[in-house]
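Below: the structure, in structure tokens.
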Amino acid sequence: MALTGRSWLLLSAAFLSTGAEISVTPEPEQPAEGDNITLVVHGLSGELLAYNWYAGPTLSLAYLVASYIVSTGDEIPGPAHTGREAVRPDGSLDIQGVLPGHSGTYILQTLNRQFQTEVGYGHLRVYEILAQPVVMANSTELVERRDTLRLICSSPSPAEVRWFFNGEALPIAIRLGLSPDGRVLTRHGIRREEAGAYQCEIWNPVSVSRSEPIDLTVYFGPERVAILQDSTTRTGCTIKVDFNTSLTLWCASRSCPEPEYVWAFNGRALKDGQDHINISSMTAAQEGTYTCIAKNPKTLLSGSASVVVKLSGESPPA
Ligand SMILES: *[C@@H]1O[C@H](CO)[C@@H](O)[C@H](O)[C@H]1NC(C)=O
Ligand SMILES: *[C@@H]1O[C@H](CO)[C@@H](O)[C@H](O)[C@H]1NC(C)=O
Ligand SMILES: *[C@@H]1O[C@H](CO)[C@@H](O)[C@H](O)[C@H]1NC(C)=O
Ligand SMILES: *[C@@H]1O[C@H](CO)[C@@H](O)[C@H](O)[C@H]1NC(C)=O
């Protein structure tokens, strides 16, 4: 009888399978998109008339990739043929330039001279060559302890994710803020030591790709506002100054960004915007309390420090 792909497909449905000892393995085992791959068949026995290849979980015509007649080498493409498949005389299936969409279950069905069929199952997973992911932040300028950081590693591809902080693995404390899939990083009450460059990297067995860094600034302070004279802290102290000599007072604090400084003398504001004041010639009129107020424009916090300045003991000339 003349055996065509269609006719034996109908036939095969009428005969019971003799049980699966056939195995199908992809070569290479973990193919990347674009590879030429082969679904290699092992364990074929007897004299075979024909092969049917299915790309799908069942022996359904909709999944038929091709039927192959061994004696003639004729290949009849089925509905699931993507134009890249070819059956080899030994039953293996070549796929040229395989795509992620080719992933899934494959079934080989064989027909022997006794019109008995056998099936073998295989699984193909095609990995994407990953495009560069992007880290997205809901804000890159945060206020310490007040703001919540949220970073998202954005990539359309299914892949594993890992993060880097200043080029190193993420510190444990920060890692605790990762979502179960690793794609979202959330930190409530962000800390200054968590400011820096964040990157995410996605990877699969065939490729790896790291995002550009995103730089995070954490604003804090002012803290430890202090008044200095000659680089020495004088906060809270009484400074004695000789008559007709000069004095420079500096204001310092821990703050990000640099705060705005305002000086006050006996409660009256002096001119703004300087981190120091000069008393060029000390007289009784300059005696009093000098206060520095540091205001952080980002955190909207402020702090202050004061010193008392007096003429030194030797009585000033009248
Ligand atoms: C796949 O096979 C085609 C045809 O033989 C060849 O031109 C191409 O370079 C191969 N591609 C790879 C990635 O090996
Ligand atoms: C960033 O996202 C977190 C979590 O959704 C939210 O609580 C926080 O208010 C957001 N921050 C900003 C600056 O939008
Ligand atoms: C203050 O010092 C300057 C220079 O040291 C001197 O010329 C001036 O006379 C002094 N003034 C008084 C009031 O002592
Ligand atoms: C204060 O004195 C210092 C050193 O003499 C000088 O560099 C600075 O410009 C002065 N600042 C003001 C506000 O006069």
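Both counts, for ligands and for their atoms, begin at 1 and track the order of listing.
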With side chain to side chain contact (heavy atoms under 4.5 Å, CB included) as the criterion, how do Leu311 and Met282 come out once you've worked through the C-alpha distance, each side chain's angles and the decisive distance to 0.1 Å? CA-CA 7 Å; Leu311 279 170; Met282 185 65 196; 3.5 Å; yes
Verify the cluster assignment for Tyr127 and Leu124: are they in a single hydrophobic cluster under the rule of side-chain heavy atoms below 4.5 Å apart?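 Hydrophobic grouping puts Tyr127 apart from Leu124.
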Within 6.0 Å of CZ in Arg84, more than 12 heavy atoms from elsewhere: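 Count over threshold, so yes.
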Do any nitrogen or oxygen atoms of ligand 1 lie under 3.5 Å from a protein nitrogen or oxygen, and which ones?
residue	atom	partner	partner atom	Å
ligand 1	2 (O)	Asn36	ND2	2.3
ligand 1	11 (N)	Asn36	ND2	3.0
ligand 1	14 (O)	Asn36	ND2	3.4

Applying salt bridge (charged side-chain N to carboxylate O under 4.0 Å, His left out), run through Glu201 and Arg162 and close with a yes or a no. CA-CA 5 Å; Glu201 185 175 88; Arg162 60 187 160 223; 2.6 Å; yes
Any side-chain donor paired with an acceptor under 3.5 Å for Asp230 and Thr232?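 On atom types as modelled, these side chains do not qualify, holding no pair under 3.5 Å.
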When you check the side-chain N and O atoms of Asn278 and Ser280, is any donor under 3.5 Å from an acceptor?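 Looking only at side-chain atoms, Ser280 and Asn278 do not form any donor-acceptor pair under 3.5 Å.
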